[in-house]
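The next block holds one structure in the form of structure tokens; read it before the comments.
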Amino acid sequence: MYGTFGRALPRDADQQQAALTPVQTARRGDLVFFPGHVGVMLDGRTLVHANATHMRVSVETLGEGEYGARLQADLSGFGRWTQ
């Protein structure tokens, strides 16, 4: 478990997804999950993540362009901290 803003969060993406409340519609601050990968939503469609394809941290829009379409297709859900 790793501390984040005073809360513990597991290390692996699948464990993080299981620890958070699933939501259908993303908003700023939600985590977005893909198989073996996680990003942070900047708004309802845009995310920031460490991108192994480009070997850098990047901002992507789900469903936009070739890479964004691939992300959208691989999306496994959104998770949110709840009180």
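Just so you know, these numbers use all the heavy atoms, side chains as well, and skip hydrogens, waters and symmetry mates.
No single ILVMFWY cluster, assembled from side-chain heavy atoms under 4.5 Å apart, contains both V38 and L47. V48 and M55 fall into different hydrophobic clusters, defined by Ile, Leu, Val, Met, Phe, Trp and Tyr side-chain heavy atoms under 4.5 Å apart, directly or through other members. Both F33 and L42 sit in one connected hydrophobic cluster of ILVMFWY residues. Membership requires side-chain heavy atoms under 4.5 Å apart, directly or through other members. Linking Ile, Leu, Val, Met, Phe, Trp and Tyr residues whenever their side-chain heavy atoms come within less than 4.5 Å leaves V59 and L62 in two separate clusters.
Checking side-chain atoms of T61 against main-chain N and O of R45 turns up no donor-acceptor pair under 3.5 Å. Side-chain atoms of D43 come within 3.5 Å of backbone N or O of T46 as a donor-acceptor pair. Looking only at distances, a side-chain donor or acceptor of Q16 sits under 3.5 Å from a matching main-chain atom of R11.
Of all the heavy atoms in P35 and S76, the pair that sits closest is N-OG, 4.4 Å. Minimum heavy-atom separation, Y67 to H49: OH-CE1, 3.5 Å.
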Please step through side chain to side chain contact (heavy atoms under 4.5 Å, CB included) for the pair F34 and L75, ending with a clear verdict.
CA-CA 5 Å; F34 309 92; L75 179 90; 4.0 Å; yes
Derivation of the side chain to side chain contact (heavy atoms under 4.5 Å, CB included) call for E60 and N51
CA-CA 10 Å; E60 311 288 348; N51 183 330; 3.1 Å; yes
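Counting heavy atoms from C-beta on, the side chains of Q17 and D14 never come closer than 4.5 Å. A heavy-atom distance below 4.5 Å is found between the side chains of W81 and L20. The closest side-chain heavy-atom distance from L31 to V40 is below 4.5 Å. Looking at V32 and L71, their side chains never come closer than 4.5 Å, going by heavy atoms from C-beta outward.
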